[in-house]
A.B. asks: 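Questions regarding the structure given below will be posed in turn.
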Amino acid sequence: MSAAPLYDRVALIGLGLIASSMAWAIRGAGLAREVVGTARSAETRATAQEIGLCDRVTETAAEAVAGADLVVLAAPVGAMGALAEEIAPHLAPGATVTDVGSVKRAVVDAVAPHIPAGVHFIPAHPLAGTEHSGPRAGFATLFENRWCLLVPQPETDPAATARLRALWAGMGAHVEEMDADHHDLVLAVTSHAPHLIAYTMVGVADDLRRVTDSEVIKYSAAGFRDFTRIAASDPTMWRDVFLTNKDATLEILGRFTEELFALQRAIRTGDGEMLHAYFTRTRAIRRGIIEAGQDTDAPDFGRVKTGS
């Protein structure tokens, strides 16, 4: 338990992987006196109650945020504007509103206009996840040794930012601050474009009718397995990510296409020297990721295996 809770009441709006992991982590470390949760789906709310995810589960977002000094928007990015408008009249003075979305400029543009005076708005993005979703998917150690990026606004009270930093640090995350547009460009490289490429590769395999489903499953080597893990991610969330981070993602995909054409040319012309040099350079980047503690050299991305 921490010496004293950082927040009296944390309201989680949406109870998927990230929010459910936050609930377990916050409650386990004593970072808040009470965790309240809600979700649009009655089935999700019932599941959350069944597994004891929150101290209380409410039917509406308005009920959840009443009296909360921290509100976490954990809904798909495309829904956040309407959600902010819905909860705005019920937010307590001095409360902090944050989110866990994978894009930040679109969240700022959609949410900020609805935040009342006297309420702090600090967008955030924990760089953590698995291919699983829903309230049963969460676990308290999801954020340990992972990054959480905060995007304070120009008018944000530094004390409110420091308090939110302390919460994420209390859940095991490394915390840094970043500008919204820079965040979206960085994430287009490190997450968004790789996810789109993974979805595409799995789609290509599905389209190749010469390769039967059983062969794809039976002979899946590590590379294809890793693609399919990424491509198993929540489709609603990723639809919204690509629609709301369009410019940065298209920029990175354009660069990716140029690199791919260069590699195609090297393969076509038998330029082994170019291929070897390229793979050597990119292998060093992979080693850097491992050395930074953001992964292991295991082919499963260091994910904890379950059910074995």
Side-chain angles (χ1 to χ4, degrees), residues 77 101-106 125 127-131 146-147 149 178 181-303:
V77 173
S102 297
V103 299
K104 294 275 73 84
R105 172 53 59 195
H125 179 200
L127 307 186
T130 71
E131 68 270 36
R146 301 299 181 194
W147 288 98
L149 303 177
M178 192 175 283
D181 294 317
H182 185 66
H183 167 280
D184 289 355
L185 183 62
V186 169
L187 268 293
V189 176
T190 61
S191 177
H192 304 165
H195 272 81
L196 194 65
I197 292 163
Y199 279 118
T200 304
M201 191 63 232
V202 175
V204 167
D206 184 55
D207 287 341
L208 289 174
R209 300 306 180 187
R210 292 164 296 171
V211 181
T212 68
D213 288 344
S214 61
E215 285 177 320
V216 168
I217 294 168
K218 183 177 180 180
Y219 301 123
S220 288
F224 191 73
R225 281 202 308 270
D226 291 343
F227 270 135
T228 58
R229 181 190 66 77
I230 296 172
S233 302
D234 181 63
T236 301
M237 182 187 81
W238 282 102
R239 175 202 65 193
D240 287 357
V241 164
F242 293 123
L243 293 179
T244 53
N245 197 24
K246 183 185 300 185
D247 292 344
T249 302
L250 290 174
E251 166 69 18
I252 300 307
L253 286 174
R255 296 189 187 196
F256 172 79
T257 303
E258 292 171 8
E259 297 276 305
L260 194 59
F261 281 143
L263 290 171
Q264 282 180 294
R265 177 177 171 77
I267 294 168
R268 185 179 296 113
T269 60
D271 190 348
E273 186 176 335
M274 183 273 190
L275 292 171
H276 188 271
Y278 192 93
F279 298 153
T280 299
R281 179 165 60 87
T282 54
R283 185 186 189 196
I285 295 171
R286 169 62 182 167
R287 283 177 174 164
I289 293 171
I290 296 168
E291 289 167 6
Q294 291 305 296
D295 211 335
T296 75
D297 55 2
D300 63 354
F301 290 91
R303 302 294 173 188

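Position 1 is the first residue of the sequence, and the numbers go up from there. As the structure is a prediction and not an experimental result, all values here were calculated from the model.
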A.B. asks: Parallel, tilted or perpendicular: which describes the rings of His183 and His125, with under 30° parallel and over 60° perpendicular?
C.D. replies: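 Perpendicular, since the angle between the ring planes exceeds 60°.
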A.B. asks: Measure the CG-CD distance between Leu263 and Glu258 for me, rounded to the nearest 0.5 Å.
C.D. replies: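 Spacing of CG (Leu263) from CD (Glu258) equals 12.5 Å.
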A.B. asks: Hey, mind stepping through Asp181 and Lys104 against side chain to side chain contact (heavy atoms under 4.5 Å, CB included) and telling me if it holds?
C.D. replies: CA-CA 7 Å; Asp181 294 317; Lys104 294 275 73 84; over 6 Å; no
A.B. asks: Do Arg283 and Phe279 form a cation-pi contact, if we require the NZ or CZ to be under 6.0 Å from the six-membered ring centre and within 45 degrees of the ring's axis?
C.D. replies: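 Negative - Arg283 is either too far from the ring of Phe279 or too far off its axis.
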A.B. asks: How about CD on Gln264, more than 12 heavy atoms from neighbouring residues, nucleotides or ligands closer than 6.0 Å, or not?
C.D. replies: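 Counting other residues, nucleotides and ligands, CD of Gln264 exceeds 12 neighbours.
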A.B. asks: If you measure from CE on Met178 to CG on Leu185, what distance do you get to the nearest 0.5 Å?
C.D. replies: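 Answer for the CE-CG pair, Met178 versus Leu185, is 10.0 Å.
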A.B. asks: If you measure from CD1 on Ile267 to CE on Met274, what distance do you get to the nearest 0.5 Å?
C.D. replies: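 Output value for this atom pair is 9.0 Å.
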A.B. asks: Could you state the interatomic distance from CG (Asp184) to NE2 (His192), rounded to the nearest 0.5 Å?
C.D. replies: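 The distance works out to 7.0 Å.
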A.B. asks: Judged by atom type as modelled, is there a donor-acceptor pair below 3.5 Å linking the side chain of Thr249 to the main-chain atoms of Asn245?
C.D. replies: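 Answer holds: yes.
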A.B. asks: So which heavy atom on Val77 is nearest to which on Gly101, and how close?
C.D. replies: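 Smallest heavy-atom distance, with atoms named: CG2-CA, 4.1 Å.
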A.B. asks: May I have the step-by-step check of side chain to side chain contact (heavy atoms under 4.5 Å, CB included) for Leu187 and Val103, ending in yes or no?
C.D. replies: CA-CA 8 Å; Leu187 268 293; Val103 299; over 6 Å; no
A.B. asks: So, His195 side chain and Ser191 main chain: donor-acceptor pair closer than 3.5 Å or not?
C.D. replies: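 Yes, His195 side chain to Ser191 backbone: donor-acceptor pair under 3.5 Å.
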A.B. asks: Please give me the minimum heavy-atom distance between Ala188 and Pro194, naming the atom from each residue.
C.D. replies: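 Closest heavy-atom pair between Ala188 and Pro194: O-CD, 3.8 Å.
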A.B. asks: Distance check, rounded to the nearest 0.5 Å: Thr257 atom OG1 versus Ile252 atom CD1?
C.D. replies: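 So the OG1 of Thr257 and the CD1 of Ile252 are separated by 11.0 Å.
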A.B. asks: Drop me the distance from Phe242's CZ to Leu250's CG, to the nearest 0.5 angstrom.
C.D. replies: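 Answer for the CZ-CG pair, Phe242 versus Leu250, is 10.0 Å.
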A.B. asks: Looking at Arg255 and Glu251, is there a salt bridge between them, counting it only when a charged N and a carboxylate O are closer than 4.0 Å?
C.D. replies: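 Judged by the 4.0 Å cut-off on N to carboxylate O distance, Glu251 and Arg255 do form a salt bridge.
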